[in-house]
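All ligand and atom numbering here is 1-based and tracks the order in the structure. Here the structure is a predicted model, which is why all the values come from computation and not from measurement. Throughout, residue positions are numbered sequentially from 1 according to the sequence presented.
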Amino acid sequence: MTGKVFLVGSGPGGISLLTLRAQQVLQDADVILYDQLPGDEILAALPEKAEKIDCGKFGGMHTLEQSEIEELMVRRALEGKNVVRLKGGDPFLFGRGGEELETLRERGIPVELVPGVTSAIAVPGSAGIPVTHRKYASCVTIVTGHEDPGKDEPAIDWENLAGNSGTLVILMGVRNLPVIARKLVSCGKDPETPVAIIERGMRPDQRVTTGTLATIGDIAKARGVRPPAVIVIGDVVCMYREDDPWLVRV
Ligand code: SAH
């Protein structure tokens, strides 16, 4: 009998942000395919008995090609195994979960989606920044900052984004941040627009760096900002307080 593949989101940080369903399917898994984004706490607690495969896709370094990951999932499921594909945040936001779903559908493998708390909303929130606010932004756009010219992804319409008064949340944007900031300004966005970068959100060593579109590139470089980080651009950033005794994290 064919096994089942679970596309599972781990949430943005510790075990307490895994859903109950995610914990359940991890416990029952025969095979777990993961990368580093779920973080040490979750990865260290993966059940002993499962075959664990590190797909090692992190910060642009691929140890397993996407097609190899998909092939492995299919092969193990055809062997009758329950396979968990564990991804950071939610599996359907920039995690290539959509492509995996397509492959599994094509090959007739049963799939279950286990959604996760996405870093795009939870990580700004953990720094006291709501991505929308009645006073500051009534919409939010989530963008990848990692445009790979080799991929056949639709190119990002920066002009359109610069003209958008809502909040811009950029994932995978650390390396390209100086270019992104310049692009937005050259497309007409106010250089004084506030920007926050939250590194390792909801982890014990979370760090927040703030600036404006005009200054953030240099500030981030000086502070050695590194992925994984969520970048927030827009007036909601004014909600951030360096010392926020009212903000308690899990
Ligand atoms: N599916 C994930 C996003 C995958 S893309 C989600 O829903 O959250 C990977 C990017 O997510 C990273 O480059 C970073 O921008 C962001 N990210 C994920 N977890 C994060 C965390 N704990 N802190 C900061 N950024 C995080």
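Between G95 and ligand 1, a contact under 3.5 Å exists for no N or O pair. Where the criterion is an N or O separation shorter than 3.5 Å, residue side chain and backbone included, E199 fails it with respect to ligand 1. Geometrically, ligand 1 and I198 share no nitrogen or oxygen pair separated by less than 3.5 Å. In terms of N/O distances under 3.5 Å, ligand 1 is approached by G88. Annotation: P12 places an N or O atom under 3.5 Å from an N or O atom of ligand 1; distance criterion only. Distances between N or O atoms of A229 and those of ligand 1 include at least one value under 3.5 Å.
Remark: minimum distance from atom 21 (C) of ligand 1 to any protein heavy atom is reached at G201 N, 3.6 Å. In this structure, the protein non-hydrogen atom closest to atom 4 (C) of ligand 1 is L93 O, 3.7 Å. The protein atom (non-hydrogen) at minimum distance from atom 13 (O) of ligand 1 is M172 CG, 3.2 Å. Protein heavy atom nearest atom 7 (O) of ligand 1, with residue, atom name and distance: T118 OG1, 2.7 Å.
A donor-acceptor pair shorter than 3.5 Å cannot be found between the side chains of Q27 and Q23.
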Discussion item. Please determine whether side-chain contact (heavy atoms from CB on, under 4.5 Å) holds for the pair V195 and I219, giving the CA-CA distance in whole Å, both sets of side-chain angles, and the decisive distance to 0.1 Å.
Written reply: CA-CA 11 Å; V195 183; I219 295 174; over 6 Å; no
Discussion item. For a side-chain contact (heavy atoms from CB on, under 4.5 Å) check, start with the C-alpha distance between T144 and L171, then their side-chain angles and the critical distance, and finish with the verdict.
Written reply: CA-CA 5 Å; T144 169; L171 302 190; 5.9 Å; no
Discussion item. Quick one, D54 with Y34, criterion side-chain contact (heavy atoms from CB on, under 4.5 Å). Give me CA distance, side-chain angles, the key distance, then yes/no.
Written reply: CA-CA 5 Å; D54 182 354; Y34 66 96; 3.5 Å; yes
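The shell of residues lying under 4.0 angstrom from ligand 1, judged by heavy atoms, excludes G13. Contact analysis leaves M202 out of contact with ligand 1, as no non-hydrogen atom separation drops below 4.0 angstrom.
T167 places a side-chain N or O within 3.5 Å of a backbone atom of V131 that can act as its donor or acceptor partner. Using modelled atom types, no side-chain atom of K87 and backbone atom of D35 make a donor-acceptor pair closer than 3.5 Å.
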Which side-chain N or O atoms in residues 178-187 pair as donor and acceptor under 3.5 Å with protein atoms at least two apart or in another chain?
from	atom 1	to	atom 2	distance (Å)
S186	OG	R182	O	3.3
S186	OG	K183	O	3.0

Counting only pairs under 3.5 Å, give me each side-chain donor-acceptor contact of residues 104-118, with atom names and distances, residues two or more places apart or in other chains.
from	atom 1	to	atom 2	distance (Å)
R107	NH1	E71	OE1	3.3
R107	NH2	E71	OE2	3.3
E112	OE1	K4	NZ	3.0
E112	OE1	R21	NH2	3.0
E112	OE2	R21	NE	2.7
E112	OE2	R21	NH2	3.3
T118	OG1	A120	N	3.3

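By the criterion of a heavy-atom distance under 4.0 Å, neither the backbone nor the side chain of T144 is placed next to ligand 1. With a 4.0 Å heavy-atom cut-off, ligand 1 is reached by the backbone of R200 but not by any atom from C-beta on.
Per-residue contacts place S119 under 4.0 angstrom from the following atoms of ligand 1 (heavy atoms of the residue considered): 6 (C), 7 (O), 8 (O), 11 (O), 16 (C), 17 (N), 18 (C), 19 (N), 20 (C), 26 (C).
Looking only at side-chain heavy atoms (C-beta outward), I121 and V140 stay at 4.5 Å or farther from each other.
For the pair R207 and R223, the tightest heavy-atom approach, listed with the atom from each and the gap, is NH2-O, 2.7 Å.
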